[in-house]
There are 2 protein chains.
Amino acid sequence: MKNPQIPLELLITYGATFKEYQKGEIIFSENEYPNYYFQVVSGSIKMFNTNDEGKEFTQGYFLRGQSFGEPPLLINERYPASAMAFQNMEVVRVPKQKFFQILEEHPQIQKDFLILMARRIHNKATTSKDIINQKADFRIKAFLNSYKKGDEKELIPFTRQEIANFTGLRVETVIRTIKNMAKKKQLEVRDHKIYY
Amino acid sequence: MKNPQIPLELLITYGATFKEYQKGEIIFSENEYPNYYFQVVSGSIKMFNTNDEGKEFTQGYFLRGQSFGEPPLLINERYPASAMAFQNMEVVRVPKQKFFQILEEHPQIQKDFLILMARRIHNKATTSKDIINQKADFRIKAFLNSYKKGDEKELIPFTRQEIANFTGLRVETVIRTIKNMAKKKQLEVRDHKIYY
DNA sequence: CGGTTCCTTGAGGATGATCAACGAGGGTGG
DNA sequence: CCACCCTCGTTGATCATCCTCAAGGAACCG
């Protein structure tokens, strides 16, 4: 695990336990009260909401080394979204009180969390403005840009459904829009795979 | 100023300066790099984005005592949105380096900021899910709920345009939807004023 | 090879956007 | 006090984008 939010060894000294999840399993659900601090050991998770009509909205993905679900823990509120294993994966967790204790006893870690939270807000503000009030192709471009690593054209490892869930669009709209973008040379589709 | 994020006296010992803005004046703009830590002394500000077609999206309002624009400051990034005086108002500000110094020298304040950032994320996650993927009346209800203080029916102090900017809708849509909600007794409109 | 997941296409529909006027109320200066 | 202006609210008509529904097709995996 590279650059874990909190080193595993440290977590272990505070009584951390490890747990495996199969792809699709729920780690916690919207509206529950948090009891643990979580970190991804391997694999990744998806944070998401489901609306009245069953349509899903993806708040974000969390990869190996990243912590997730801390804000509600810090402010004693219910989870605003659910967390699901996006692949077979492993998490490490410590009980709430232990987490607070870690923050107290390790000022540098507390500071790291302040920076992390700031980064998350920045991210969410950017994502919001890129989705709300924007046309389908703009939303998709914003998504692709944010998940792109380098400058070269690269394979986008998300299904059209996943892109739809993240951008607040429907699969069919994503398919048609992407086709259009390909026609305008804004991206490439080879073998149903998207390169951007 | 009640419950200011950082007490004014303390800010002053770190060289804070005060500045007044007229309603509509810009305090900082999207894409600029931050140089100051800001706090509202009186009045309020609006954080917002403008899209290609000039349509505005309101990220949030910040009232007296609240700090704003800290996340980009903490992570050395550009502002993702602009800040404008929503009324005639006053801010207090300290230079970036002084702000970091305050955090270093006052652990309790650093902790307060961690909590504050967590609260903001929680808020943004909630707002996102209430806007993206939702129908007009749901968006408006979510907005009204979030800005409502008590349990009694109360006057909503926002224009329809402001509601539109916050919910990602158009004024006309807000007007028509509110009219409809009034017909369904979900709120009241007397003298053009909204009670909810 | 069969099942599962993902992708695709077309037709039709609905919600919200756009455009163009106009109305209402409040404040200001003559 | 009245006229004017400015901001905000309102309405109707038309339009566009995206959604919905329904039906297959393609790719991949065990």
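Because only heavy atoms are used, hydrogens play no part in the values below, and waters and symmetry mates are left out as well, while side chains stay in. In the text below, chain A, chain B and the rest are named by the order of the sequence lines, each starting its count at 1.
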In whole Å, I'd like the distance from the [atom1] atom of [X] to the [atom2] atom of [N].
| X | N | atom1 | atom2 | result |
| --- | --- | --- | --- | --- |
| A:Lys23 | D:dC29 | NZ | C1' | 13 Å |
| A:Phe138 | D:dA16 | CZ | C1' | 19 Å |
| B:Lys135 | C:dA14 | NZ | C1' | 9 Å |
| A:Asn133 | D:dT17 | CG | P | 16 Å |
| B:Gln161 | D:dT10 | CD | C1' | 14 Å |
| B:Phe86 | D:dT7 | CZ | C1' | 13 Å |
| A:Gln134 | D:dC18 | CD | P | 11 Å |
| B:Asn165 | C:dA17 | CG | P | 12 Å |

I'd like to know if [X] reaches the base of [N] with its side chain such that a donor and an acceptor end up less than 3.5 angstrom apart.
| X | N | value |
| --- | --- | --- |
| B:Arg170 | D:dT17 | no |
| A:Glu162 | C:dC6 | no |
| B:Arg176 | D:dG9 | no |

Query raised in the report: When you check the phosphate oxygens OP1 and OP2 of C:dA17, does a side-chain N or O of B:Lys55 lie under 4.0 Å from one of them?
Result: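 Checking C:dA17 against B:Lys55, a side-chain N or O does come within under 4.0 Å of OP1 or OP2.
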Query raised in the report: For A:Arg160 and C:dC6, is the shortest distance between a side-chain N/O and OP1 or OP2 below 4.0 Å?
Result: no
Please determine if [X] and [Y] form a salt bridge, counting it only when a charged side-chain N lies under 4.0 Å from a carboxylate O.
| X | Y | value |
| --- | --- | --- |
| B:Lys19 | B:Glu25 | no |
| B:Lys129 | A:Glu30 | yes |
| B:Glu104 | A:Lys111 | yes |

Report task. Name all residues meeting the side-chain contact (heavy atoms from CB on, under 4.5 Å) criterion together with B:Arg176; count only those two or more places apart in sequence or in a different chain, and write none if there are none. Result -> B:Glu172
Can you identify which nucleotide, out of [options], has its nearest atom closest to the [X] side chain?
| X | options | result |
| --- | --- | --- |
| B:Thr159 | D:dC8, C:dC7, C:dG10 | D:dC8 |
| A:His192 | D:dC19, D:dG9, D:dA26 | D:dA26 |
| B:Ile175 | C:dA20, D:dG9, D:dC19 | D:dG9 |

Requested in this report: Would you indicate what B:Lys193 reaches in the nucleic acid, counting non-hydrogen atoms under 4.0 angstrom: base, sugar-phosphate, or nothing?
Outcome: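 Since no nucleic acid heavy atom lies under 4.0 Å of B:Lys193, the category is nothing.
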Report task. Look at the rings of B:Phe166 and B:Tyr61 and say which category their plane angle falls in: under 30° parallel, 30 to 60° tilted, over 60° perpendicular. Result -> parallel
Query raised in the report: Where each residue is assigned the nucleotide of DNA chain D containing its nearest heavy atom, which of A:Asp191 and A:Arg139 is assigned the position nearer the 5′ end?
Result: A:Arg139
